[in-house]
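Atom set for the values below is all heavy atoms of this structure, side chains included, hydrogens, waters and symmetry mates excluded. For clarity, every value in this text was computed on a predicted model and none was experimentally measured.
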Amino acid sequence: FVVLAVALALTSTVQSLDNGLGRLPQMGYNSWYDYECTEWGEKDIMDTMDAMTSKGLRSAGYNYVNLDDCVVSGRFDNGTLYTDPKGFPSGTLKPLTSYAHSHNFLFGTYTDRGYKTCGGRPGALGFEALDAQTYADWGIDYLKEDSCNAIDSPDIGYQEYARMRDALNATGRPIFFSLCGWHNWYAPKGMELGNSWRIGPDDTNWNGVLTNIDINSQLSQYAGPGGWNDPCLLLSVDRSGKQAVTELQSRAQFSMWAVMASPLLISGSILRMSNYTLATYTNADVIAVNQDPLGHQGVRVAGGNLASGSDGKLATGPCSNSSAQQWLKDTPAPGYWQNAASQACLNVDDCGLTVETYACVTTGGTCCGADCYDNMKFDLLSNGSLTSPNQPGRCLNASGVGMDLVPCGMAMAWQYTANKALQSGSVCLATPVTTTTNVWARPLTNGEVALVFLNVGSSAVDITCDAACMHAAGLTETSYTAKNLWTQVNTTVASSGYTAKQVPADGGVEMLRVAA
């Protein structure tokens with residue numbers, strides 16, 4: 001786990017993009033998992049806004065209504081975008097922005113930094129200034145920019161997102177800018193580029209939710225008022241009645257998004273939403289945690305990675321003497337780093353930018369134009385940079401469920417310790433242990449703390465936050481009064497430890513707000 005004080009110190013150094021927006025995580029609706037690229041249009045979105053009002057979602061704080069892909073269909077001869085005539089026959093989004101504004105909503109739309117969107121519609125590449133002005137003229141308040149049909153490179157991504165950022169600012173209209181680049185390496189630059197930034201893949205299902213939780217566990221220092229790590233959309237049921245996750249899992253995701261200070265964007269059918277899910281999304285106590293003005297993202301204080309399929313992945317954690325954190329330098333050959341627990345070696349996956357562990361190979365064929373075993377050689381430089389000869393100028397940096405090679409100026413500094421650990425600050429590189437339970441903590445205003453106990457295993461279990469866990473959460477007094485935010489029952493929490501009893505299987509959650 002990460003000591004909360006360290007996360008707070010790091011968060012305080014963040015500089016935000018100065019457009020006056022995103023002081024709290026955004027709340028609203030996104031059309032993607034509800035409609036995707038099926039036949040839909042203006043009336044569907046107006047009906048959704050009406051339902052958000054009648055069901056109490058607007059009054060609960062959900063003020064953005066955001067269209068995703070498959071809204072525009074082409075450009076006029078002068079390059080200006082026009083909307084799909086089937087669903088949006090006016091050729092613009094003005095009818096929807098007018099409806100939204102008259103019903104106390106803000107309105108958003110979608111583009112892509114590449115030459116086409118994910119759905120094959122016109123992208124923004126080379127048209128940033130023209131498109132930004134079009135959005136401003138339409139009355140748009142929020143823009144999500146995706147990364148399909150674009151070069152998947154940090155340097156190029158930063159440049160292209162910066163172009164749209166500058167174009168939006170030049171319009172003079174405040175437009176919330178949401179980056180959708182799918183990588184954790186957007187987090188260190190996010191505040192310079194936008195108001196939120198995707199840090200992982202589309203969630204789409206329960207394991208996708210867990211994957212993004214794991215990734216986000218390493219990124220708390222980059223979020224704060226003005227800009228937020230975005231682990232993707234809130235999942236529920238689409239307009240056909242298909243559920244992406246169970247209702248229990250929707251509640252668990254909502255609890256985790258609250259403690260992680262993540263955007264609360266419902267991407268499911270408002271019209272078909274069950275009473276249980278509506279109660280989840282309108283829980284004022286949980287929303288208050290998400291919208292806490294202190295603006296600190298929570299951290300994992302007990303447990304490890306949750307997502308399945310993380311074999312070979314890497315993570316950082318508090319330094320210990322465990323074999324999972326021991327790396328045998330120059331073993332089995334010069335330049336290699338072999339993990340003492342798994343016996344696997346650091347490896348640049350497919351000659352790309354991701355670093356994982358793989359069975360150590362010292363001879364063999366060619367990969368990406370080089371000897372395959374060259375992917376396993378790493379140099380620890382005198383300045384602490386850990387670099388691969390196959391990727392000059394790039395160095396090792398930690399993510400939630402893996403490692404990336406990022407520009408060396410942005411990378412973590414490492415040292416090789418007497419315990420054979422690769423240490424950076426207070427954390428060490430390790431082969432992660434997948435667990436079925438987590439405890440997360442988030443500091444709130446007035447010295448209060450939110451705690452979330454999450455169970456993703458196949459059986460109901462007790463989940464304990466012991467004395468060390470409580471200390472990491474910043475809870476060091478003898479005892480505290482706490483409120484269970486889902487049962488509304490008050491309880492007592494001791495600094496010696498607290499056990500959440502029989503948390504349900506496969507997405508069960510207990511969430512507490514601990515008074516100062």
Engineer: Got a sec, which residues hit ring-ring contact (aromatic ring centres under 6.0 Å, His included) with Y498, two or more places apart in sequence or on another chain?
Structural biologist: F453
Engineer: Do side-chain atoms of D141 reach the backbone of F107 as a donor and acceptor pair under 3.5 angstrom?
Structural biologist: yes
Engineer: Any donor-acceptor pair under 3.5 Å linking the side chain of Q423 with the backbone of C319?
Structural biologist: no
Engineer: Is a side-chain N or O of S495 found less than 3.5 angstrom from the main chain of S479, in a donor-acceptor match?
Structural biologist: no
Engineer: With sequence neighbours excluded, tell me which residues meet salt bridge (Lys or Arg N to Asp or Glu O under 4.0 Å) with R251.
Structural biologist: none
Engineer: For Y62, enumerate each residue passing the ring-ring contact (aromatic ring centres under 6.0 Å, His included) test, keeping only those at least two apart in sequence or located in another chain.
Structural biologist: none
Engineer: Could you give me the CA-CA distance, side-chain angles and deciding distance for T277 and T280, then say whether side chain to side chain donor-acceptor pair (under 3.5 Å) is met?
Structural biologist: CA-CA 5 Å; T277 299; T280 293; 5.5 Å; no
Engineer: Flag the pair L234 / Q253 as yes when at least one side-chain heavy-atom distance between them is below 4.5 Å, and no otherwise.
Structural biologist: yes
Engineer: Who pairs with D152 by salt bridge (Lys or Arg N to Asp or Glu O under 4.0 Å), at least two apart in sequence or on another chain?
Structural biologist: none
Engineer: Parallel, tilted or perpendicular: which describes the rings of H103 and Y99, with under 30° parallel and over 60° perpendicular?
Structural biologist: parallel
Engineer: Restricting to salt bridge (Lys or Arg N to Asp or Glu O under 4.0 Å), what partner residues turn up for K189, sequence neighbours left out?
Structural biologist: E192
Engineer: Do the side chain of D131 and the main chain of A124 share a donor and acceptor less than 3.5 angstrom apart?
Structural biologist: no
Engineer: Whether D203 and R198 form a salt bridge (side-chain N of Lys/Arg under 4.0 Å from carboxylate O of Asp/Glu) is what I want to check.
Structural biologist: no
Engineer: Would you mind listing every ring pair (Phe, Tyr, Trp, His ring centres under 6.0 Å) that reaches into residues 251-283, with sequence neighbours excluded?
Structural biologist: F254-Y281
Engineer: Quick check for you: to the nearest 0.5 Å, what is the distance between S217 atom OG and L219 atom CG?
Structural biologist: 7.5 Å
Engineer: So, using ring-ring contact (aromatic ring centres under 6.0 Å, His included) as the criterion, who are the partners of W32 when residues are at least two apart?
Structural biologist: none
Engineer: Quick check: do Y29 and N66 have side-chain heavy atoms less than 4.5 Å from each other?
Structural biologist: no
Engineer: Does the distance from a Lys or Arg side-chain N to an Asp or Glu carboxylate O, for R513 and D285, drop under 4.0 Å?
Structural biologist: no
Engineer: Are any of the side-chain heavy atoms of C70 and E36 separated by less than 4.5 Å?
Structural biologist: no
Engineer: Salt bridge between R300 and D214, side-chain N to carboxylate O under 4.0 Å?
Structural biologist: yes
Engineer: Taking G114's backbone N and O only, do any of them form a donor-acceptor pair with D112's side chain (distance below 3.5 Å, no angle check)?
Structural biologist: yes
Engineer: Can you find a heavy atom in the side chain of T111 that is under 4.5 Å from one in the side chain of L143?
Structural biologist: yes
Engineer: Who passes ring-ring contact (aromatic ring centres under 6.0 Å, His included) against Y186, sequence neighbours left out?
Structural biologist: Y158, Y161
Engineer: Residues in disulfide bond (SG atoms under 2.5 Å apart) with C180, at least two apart?
Structural biologist: none
Engineer: Does any pair with a residue in residues 192-217 pass ring pair (Phe, Tyr, Trp, His ring centres under 6.0 Å), and if so which ones, sequence neighbours excluded?
Structural biologist: none
Engineer: Spell out, as yes or no, whether a donor-acceptor pair under 3.5 Å connects the side chain of R272 to the backbone of V237.
Structural biologist: no
Engineer: Is any side-chain N of the basic residue among R163 and E128 closer than 4.0 Å to the acidic one's carboxylate O?
Structural biologist: yes
Engineer: Once salt bridge (Lys or Arg N to Asp or Glu O under 4.0 Å) is applied, do any residues pair with D146, and if so which ones, sequence neighbours excluded?
Structural biologist: none
Engineer: Testing E160, Q159, E145 for side-chain hydrogen bond (donor to acceptor under 3.5 Å, both in side chains) with R113, which one passes?
Structural biologist: E160
Engineer: Applying disulfide bond (SG atoms under 2.5 Å apart), can you list everything that pairs with C232, at least two apart in sequence or on another chain?
Structural biologist: none
Engineer: What verdict does the side chain to side chain donor-acceptor pair (under 3.5 Å) test give for Q243 and D238, after you've listed the backbone C-alpha separation in whole Å, the side-chain angles of each residue and the deciding distance to 0.1 Å?
Structural biologist: CA-CA 7 Å; Q243 288 207 236; D238 67 14; over 6 Å; no
